[in-house]
Each structure stands twice: as structure tokens, then as C-alpha cells.
**Q** 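Okay, handing you the structure first.
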Amino acid sequence: IMKKRLFDMDAIEFIRNYPNYISELEGVVKPELLPVLEEMKNTDPHDLVGPDVWFVSETQARGYVWKLFLRKCKEV
């Protein structure tokens, strides 16, 4: 069993940071992709990760949000 380390991010911290990650994306994507981000804003981050999920870094958590964004872009 792996134990949480000092720099790891747990699900609670991810949920708290999720709106910031969406805001970061809004600043760098093309305007025509903003509706995808609006949809993501309306997604409850509790539905994206379970309580037992953790990330090894904030960079990995951001990458996860980017991956979700790219998936949604492919659906459009």
C-alpha cells in the first residue's frame, strides 16, 4: 500500500482547486472552446474523483483536468 507523501494532493484538495484549474484553462484556450469549459464549470468535482483518489503533484492534477477538457473537446 502506498502512503500519502507531503507533496501529494488528495481528493479534497483537488476538489478545492478544481475551479482554479478551469480558470487557468479559460485564459489559454480559443474562445470557441469556452462552452466546453462552461460545461466543466457546471460539473461537480466530487463526480470526477472518489475520496480515495490522490495525485502525486499539483501538476498531475492539472494534467487530469486538461485530459478531461480534451476528451470533452473531442465529443463536440
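Just so it is clear, the model here is predicted, and its values are computed rather than measured.
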**Q** So, taking the atom named CE in M40 and the one named CG in L34, what distance separates them when rounded to the nearest 0.5 Å?
**A**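 Answer for the CE-CG pair, M40 versus L34, is 12.5 Å.
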
**Q** Is there a donor-acceptor pair closer than 3.5 Å between any side-chain N or O of D10 and the backbone N or O of E13?
**A**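 Between the backbone of E13 and the side chain of D10 there is a qualifying donor-acceptor contact (under 3.5 Å).
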
**Q** For residues 26-35, which residue pairs qualify under salt bridge (charged side-chain N to carboxylate O under 4.0 Å, His left out), counting only residues two or more places apart or in two chains?
**A**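 For residues 26-35, and leaving out neighbouring residues, the salt bridge (charged side-chain N to carboxylate O under 4.0 Å, His left out) pairs sorted by first residue read E26-K41.
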
**Q** I need the I22 CD1 to N42 CG distance, nearest 0.5 Å.
**A**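 If we round to the nearest 0.5 Å, I22:CD1 and N42:CG are 10.0 Å apart.
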
**Q** Report all side-chain donor-acceptor pairs from residues 67-76 shorter than 3.5 Å, counting only partners two or more places apart or in another chain.
**A**
residue, atom, partner, partner atom, Å
K72, NZ, E39, OE2, 3.1

**Q** Is the shortest side-chain heavy-atom distance between V56 and M9 below 4.5 Å?
**A**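 Of all side-chain heavy-atom pairs linking M9 with V56, none is under 4.5 Å.
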
**Q** Which atom pair, heavy atoms only, marks the closest approach of Y18 to L48?
**A**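 Closest heavy-atom pair between Y18 and L48: CE1-CD1, 3.4 Å.
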
**Q** Roughly how far, to the nearest 0.5 Å, is the CG atom of N20 from the CZ atom of R62?
**A**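 Here the rounded value is 8.5 Å.
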
**Q** Please check if atom CD1 in I12 has more than 12 non-hydrogen atoms from other residues, nucleotides or ligands closer than 6.0 Å.
**A**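 No - once you tally the heavy atoms of other residues, nucleotides and ligands closer than 6.0 Å, there are 12 at most.
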
**Q** Who pairs with D47 by side chain to side chain donor-acceptor pair (under 3.5 Å), at least two apart in sequence or on another chain?
**A**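 Testing D47 for side chain to side chain donor-acceptor pair (under 3.5 Å), a comparison that skips the adjacent residues, returns none.
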
**Q** Does a side-chain heavy-atom distance below 4.5 Å link W66 with E24?
**A**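 Result no, sub-4.5 Å side-chain heavy-atom pair not found.
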
**Q** By side chain to side chain donor-acceptor pair (under 3.5 Å), which residues pair with Y64, not counting sequence neighbours?
**A**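 Side chain to side chain donor-acceptor pair (under 3.5 Å) check on Y64 returns nothing, list empty.
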
**Q** Begin from the C-alpha positions of V49 and W54 and carry the test side chain to side chain contact (heavy atoms under 4.5 Å, CB included) through to its verdict.
**A** CA-CA 9 Å; V49 294; W54 55 274; over 6 Å; no

**Q** G50 and A11: which non-hydrogen atoms are nearest, and at how many Å?
**A**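 That would be O-CB, 3.2 Å.
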
**Q** What's the separation between atom CD1 in I15 and atom NE2 in H46, rounded to the nearest 0.5 Å?
**A**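 Going from the CD1 atom of I15 to the NE2 atom of H46 covers 4.0 Å.
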
